[in-house]
Protein chains: 2
Amino acid sequence: MTHQREIILAELKKSTDHPTADELYERIKRQLPRISLATVYRNLEILSTAGMIRKLEISGRQKRFDWDLREHHHISCLRCQRVDNIELEVQEMLPAQAEDRQGYDISGWRVEFFGLCPKCRKDTNNSQGEETMACAPKGLSDNQRQVLEALAKSKEACGSKDIAAATSLEAKQVSCQITALKKKGFVESPIRCKYTITPEGQGALGE
Amino acid sequence: MTHQREIILAELKKSTDHPTADELYERIKRQLPRISLATVYRNLEILSTAGMIRKLEISGRQKRFDWDLREHHHISCLRCQRVDNIELEVQEMLPAQAEDRQGYDISGWRVEFFGLCPKCRKDTNNSQGEETMACAPKGLSDNQRQVLEALAKSKEACGSKDIAAATSLEAKQVSCQITALKKKGFVESPIRCKYTITPEGQGALGE
DNA sequence: CTTGACTCAGGAATGATTATCATATAGTTT
DNA sequence: AAACTATATGATAATCATTCCTGAGTCAAG
Ligand SMILES: [Mn+2]
Ligand SMILES: [Mn+2]
Ligand SMILES: [Zn+2]
Ligand SMILES: [Zn+2]
């Protein structure tokens with residue numbers, strides 16, 4: 001039990017959520033600024049192999065860790081990724097009836113619920129339109145920035161050929177980038193084949 | 001619905017297992033030798049977003065795909081990674097009682113069983129000792145190969161200092177590599193601080 | 001004091017998946 | 001059908017989470 005391992009375990013026990021390795025890493029760095037992410041991973045692995053903590057396998061996302069060794073299952077929020085414990089009634093304990101299903105020798109099972117946590121439920125009710133903002137993509141590639149800047153300069157909607165002329169790009173490249181920019185919400189098409197920059201696009205340029 | 005997308009969907013529907021993206025890729029290459037792995041990923045994503053296939057989230061492993069849209073759950077083999085459908089009895093359908101647990105708005109759930117598939121059960125019963133072989137690590141690093149070759153040349157057990165002399169490595173490095181080689185089963189220690197190569201080690205060198 | 005067994009931190013590597021972009025293909029409009 | 005746009009593909013780089021490898025540290029036996 002090294003110093004780092006103690007700190008990692010203590011930090012996990014302190015947490016009420018079910019943190020991921022890198023969430024823990026961020027918290028631990030305050031005490032051990034020189035620790036590496038690999039060390040956190042390694043020690044969490046060692047601790048869970050030793051049965052001192054549990055590694056949670058939540059569908060398709062980063063693994064999370066739990067200091068609570070009691071047999072229990074989890075529910076997770078589809079929006080904010082929060083993970084909570086869930087209590088199962090006795091009649092919901094499946095494995096008793098599950099022995100030797102389809103010829104398998106069953107050694108474990110897991111049930112997982114998902115939905116919206118109380119907080120996210122409230123947020124959804126209050127404001128519906130803002131979601132698109134929240135999940136909008138971020139960065140601009142070089143080409144995308146060029147196209148966007150050209151559009152910003154133009155007073156009126158213009159076609160991809162105009163943009164190609166204004167930049168050093170070919171028409172094909174422009175068309176390709178406009179598609180990407182439309183998807184990000186930075187460009188819109190008031191009429192077919194003519195494009196303008198959106199306020200969001202202006203904002204993205206400013207950054 | 002492009003040609004490649006049709007092929008991908010057809011190939012998935014043909015399969016009775018639940019293939020991963022790259023398993024599908026390998027099968028599809030026979031018909032479309034020029035297709036890229038990215039295209040397979042992209043179209044599987046599109047098809048599952050469109051609800052034409054299902055993407056399976058099996059704990060912590062590669063995602064698998066299923067053409068069967070009926071609500072059903074899965075059981076997977078801990079040894080060979082095989083995934084099968086599992087039938088649940090009506091009384092095992094949890095969500096009816098699960099509405100609104102801990103304030104969550106529950107939109108879904110999943111149960112997942114794991115164990116040994118019939119085939120792997122049989123294999124385990126027949127031969128018990130071979131498991132270590134099966135899960136033994138593979139490759140040798142440069143340093144490890146040097147150490148192992150030195151040991152192979154020596155008629156009798158020798159210490160790390162002898163090996164250090166025979167190779168261009170320092171004693172510490174040798175000691176470190178011997179530890180790794182012991183763990184792999186390529187080296188053993190007939191007496192304290194003296195080492196010999198094992199038959200497995202000979203085999204590893206030969207490859 | 002020396003030597004070697006054991007453990008560890010952290011940089012580098014890996015595997016799965018996604019993003020980017022030039023090119024190929026499919027669709028529309030004239 | 002020509003001219004052009006829109007979309008999909010294929011090659012490749014990038015990214016993200018996770019794991020491996022190795023030199024360095026610690027400690028105890030000789
Ligand atoms: Mn928990
Ligand atoms: Mn299935
Ligand atoms: Zn939430
Ligand atoms: Zn199996």
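Lettering of chains follows the sequences in order, A, B, ..., and the numbering in each one begins at 1. This structure is a prediction, so every number in the text was calculated from the model and none was measured.
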Practice item. Look only at the side chain of B/T179 and the backbone of B/S175, and say whether a donor-acceptor pair between them is shorter than 3.5 Å. Key: yes
Exercise for review: Would you check if there is a donor-acceptor pair between the side chains of A/N143 and A/S141 at a distance under 3.5 Å?
Suggested key: no
Point to revise | Gap between atoms CD and C1', on A/E188 and D/dA6 respectively (whole Å) | key: 18 Å
Check your understanding: Taking only residues two or more places apart in sequence, or in another chain, which ones meet A/E6 in a side-chain hydrogen bond (donor to acceptor under 3.5 Å, both in side chains)?
Key -> none
Check your understanding: Heavy atom of residues 170-181 of chain B under 4.0 Å from DNA chain D: which residues?
Key -> B/K172, B/Q173, B/C176, B/Q177
Point to revise | Position toward the 5' end of DNA chain C (nearest nucleotide), A/N43 or B/Y195 | key: B/Y195
Practice item. Let me know the distance between CD1 of A/I46 and P of C/dC6, rounded to the nearest Å. Key: 16 Å
Practice item. Choose from D/dT5, C/dG10, C/dT20 the nucleotide whose nearest atom is closest to any side-chain atom of A/R34. Key: C/dG10
Point to revise | Distance in angstrom units between B/N143 CG and D/dC20 P, rounded | key: 18 Å
Exercise for review: Give the rounded distance in Å between these two atoms: CD1 of B/I35 and C1' of D/dA8.
Suggested key: 11 Å
Practice item. State whether A/S36 places a side-chain N or O below 4.0 Å from either non-bridging phosphate oxygen (OP1 or OP2) of C/dG11. Key: no
Practice item. For DNA chain C, find the residues of residues 156-163 of chain B with a heavy-atom distance under 4.0 Å and give them by number; none if there aren't any. Key: B/S160, B/K161
Review point. Quick one: A/D142 CG to C/dA22 P, roughly how many Å, whole number?
Key: 11 Å
Review point. So, does B/R121 use its side chain to make a donor-acceptor pair with the main chain of A/G103 at under 3.5 Å?
Key: yes
**Study point:** Under 3.5 Å: donor-acceptor pair, side chain of A/Q81, backbone of A/R79
**Key:** yes
Review point. Can you tell me how far P of D/dG23 sits from CG of B/L169, to the nearest Å?
Key: 8 Å
Check your understanding: Short question: side chain of A/W67, backbone of A/E11 - any donor-acceptor pair under 3.5 Å?
Key -> no
Exercise for review: Could you note down all residue pairs passing ring-ring contact (aromatic ring centres under 6.0 Å, His included) where residues 9-35 of chain A supplies at least one of them, sequence neighbours left out?
Suggested key: A/H18-A/H74
Practice item. With sequence neighbours excluded, tell me which residues meet side-chain hydrogen bond (donor to acceptor under 3.5 Å, both in side chains) with B/T198. Key: B/E200
**Study point:** Euclidean distance, atom NZ of residue A/K183 to atom P of D/dA6 [Å, nearest integer]
**Key:** 15 Å
Check your understanding: ring-ring contact (aromatic ring centres under 6.0 Å, His included) with B/H73: which of B/W109, B/F113, B/F114?
Key -> B/W109
Point to revise | Spacing of B/L32 atom CG relative to D/dG10 atom C1', expressed in whole Å | key: 12 Å
Check your understanding: Are side-chain heavy atoms of A/Y104 and B/P118 found at a separation under 4.5 Å?
Key -> yes
Check your understanding: Does the side chain of B/T39 get closer than 4.0 angstrom to OP1 or OP2 of D/dG10 through an N or O atom?
Key -> yes
Review point. With respect to the phosphate group of C/dC8, does any side-chain polar atom (N or O) of A/Q4 fall under 4.0 Å of OP1 or OP2?
Key: no
Tabulate protein N/O versus nucleotide N/O from nucleotides 13-19 of chain D, keeping only pairs under 3.5 Å, one per line.
from   : atom 1 : to    : atom 2 : distance (Å)
D/dA17 : OP1    : A/Q62 : OE1    : 3.2
D/dT18 : OP1    : A/K63 : N      : 3.2
D/dT18 : OP2    : A/Y41 : OH     : 2.5

Check your understanding: Is it the case that more than 12 heavy atoms not belonging to A/K29 sit under 6.0 Å from its NZ atom?
Key -> yes
Check your understanding: Does B/Q144 make a side-chain N or O approach to OP1 or OP2 of D/dC21 shorter than 4.0 Å?
Key -> no
Point to revise | C/dT7 phosphate, OP1 or OP2, under 4.0 Å from A/R5 side-chain N/O | key: no
Practice item. Quick one: do A/E23 and A/Q62 satisfy side chain to side chain donor-acceptor pair (under 3.5 Å)? Show the steps, please. Key: CA-CA 10 Å; A/E23 282 169 3; A/Q62 241 168 312; over 6 Å; no
Check your understanding: Just to confirm, is there a sub-4.0 Å distance from OP1 or OP2 of C/dC6 to any side-chain nitrogen or oxygen of B/K182?
Key -> yes
